[in-house]
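In what follows, a structure is listed as structure tokens, so that the remarks can point back to it.
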Amino acid sequence: MPEQDADRRDRLEIRAGFGVVGDRYAGRAAHRDASVTVIATEPLDALARELGMPPFDPLLTRRNVALRGADVESLRGTTFALDCGEGVVVLRGGRPANPCAWMDVVLAPGAHRGMRGRGGIRCAPETGGVLRLGPAVLMVPGRPGD
């Protein structure tokens, strides 16, 4: 498996209408409404168990943001915010982030098929800001706690 450490970042700068600064797809017209990808770690953990593997590193899915304890799939069509302590970043949840066949190489054989329906979502950044590795607060207007 190719080395992935160069993809690991402690901090992402998000720009509204652009995406993740430094991302190869940032600012491209085809990705403007889908420039930030978000995945939940629990479905990945479940998939690893189903495939008889140790837990997967979420970085290997090539998603920008991995959340634990959040129902990411329910955020499709919803505007939500993440606050990592450096200000709030508002995202609009969009279409599914469908997995590619590369998942069978970097995770395990069968991961491509197994991630269907739980590969996360593509989001449009409505505000800019910084997301960093570590705890974050997920805010969804109209849901309890927000």
Side-chain angles (χ1 to χ4, degrees), residues 4-51 53 55-108 110-146:
Q4 302 292 313
D5 283 339
D7 291 336
R8 193 174 304 277
R9 295 200 203 153
D10 292 334
R11 181 181 188 279
L12 296 177
E13 181 183 347
I14 309 294
R15 287 193 194 150
F18 182 80
V20 179
V21 174
D23 186 279
R24 64 185 173 166
Y25 297 115
R28 294 190 183 192
H31 294 275
R32 256 189 216 116
D33 288 335
S35 57
V36 177
T37 53
V38 180
I39 193 168
T41 59
E42 292 83 358
L44 275 181
D45 294 342
L47 177 60
R49 285 191 301 276
E50 290 166 19
L51 296 175
M53 302 295 293
F56 297 132
D57 179 348
L59 173 68
L60 298 177
T61 65
R62 305 200 96 168
R63 303 303 186 251
N64 303 122
V65 176
L67 299 176
R68 184 167 297 284
D71 182 5
V72 169
E73 300 297 327
S74 75
L75 298 173
R76 286 188 207 152
T78 301
T79 298
F80 63 97
L82 292 170
D83 186 352
C84 297
E86 294 191 36
V88 174
V89 175
V90 177
L91 302 169
R92 183 174 22 86
R95 67 184 188 263
N98 294 320
C100 66
W102 180 243
M103 297 301 104
D104 283 347
V105 174
V106 295
L107 297 178
H112 174 225
R113 178 182 290 274
M115 281 184 66
R116 290 182 188 153
R118 50 186 173 181
I121 61 173
R122 296 181 162 282
C123 302
E126 296 196 343
T127 66
V130 172
L131 297 176
R132 63 178 167 74
L133 186 63
V137 175
L138 170 64
M139 297 165 279
V140 183
R143 292 194 185 168
D146 293 319

> Does Val89 reach the side chain of Val130, with side-chain heavy atoms less than 4.5 Å apart?
Replying inline: no
>> Quick one, Arg95 and Ile121 - any side-chain contact, counting heavy atoms below 4.5 Å?
In response: no
> Taking Thr79 for the side chain and Arg92 for the main chain, is one N or O donor matched with an acceptor at less than 3.5 Å?
Replying inline: no
> Residues two or more places apart in sequence or in another chain: which of them pass side-chain hydrogen bond (donor to acceptor under 3.5 Å, both in side chains) with Asp23?
Replying inline: none
Side chains of residues 38-51: which donor-acceptor partners sit under 3.5 Å, not counting sequence neighbours?
from, atom 1, to, atom 2, distance (Å)
Thr41, OG1, Arg68, NH1, 3.2
Thr41, OG1, Arg68, NH2, 3.3
Glu42, OE1, Gly69, N, 3.4
Glu42, OE2, Gly69, N, 2.5
Asp45, OD2, Arg68, NH1, 3.1
Glu50, OE1, Arg118, NH2, 2.7
Glu50, OE2, Arg118, NH1, 3.3

>> Any side-chain to backbone donor/acceptor pair from Ser35 onto Ala124? Under 3.5 Å, distance only.
In response: no
> Under the 3.5 angstrom rule, does the side chain of Asp104 hit a backbone N or O of His112 as a donor-acceptor pair?
Replying inline: yes
> Taking all atoms of both residues into account, what is the closest heavy-atom pair of Gly93 and Phe80, and its distance?
Replying inline: N-CE2, 3.8 Å
> Do the non-hydrogen side-chain atoms of Leu67 and Leu82 ever get within less than 4.5 Å of each other?
Replying inline: yes
>> Looking at every non-hydrogen atom in both residues, tell me the closest pair between Ala108 and Met53 and how far apart they are.
In response: CB-CG, 3.8 Å
> Should Leu12 and Arg132 count as side-chain neighbours, where that means a heavy-atom distance under 4.5 Å?
Replying inline: no
> Which pair of heavy atoms, one from Met103 and one from Leu60, lies closest together, and at what distance?
Replying inline: CE-O, 3.7 Å
>> Given 3.5 Å as the limit, does a donor-acceptor pair link the side chain of Glu13 with the main chain of Gly129, or not?
In response: no
> Tell me, do Val36 and Ile14 make a side-chain contact under 4.5 Å, heavy atoms counted?
Replying inline: yes
> Under the 3.5 angstrom rule, does the side chain of Arg63 hit a backbone N or O of Ala97 as a donor-acceptor pair?
Replying inline: yes
> Got Met139 and Val88 here, is their nearest side-chain heavy-atom distance under 4.5 Å?
Replying inline: yes
>> Using side-chain heavy atoms (C-beta onward) and a distance below 4.5 Å, is Leu75 in contact with Val140?
In response: yes
> Is the shortest heavy-atom distance from the side chain of Met115 to the side chain of Thr61 under 4.5 Å?
Replying inline: yes
>> So, taking the atom named CZ in Arg122 and the one named CG in Leu91, what distance separates them when rounded to the nearest 0.5 Å?
In response: 13.5 Å
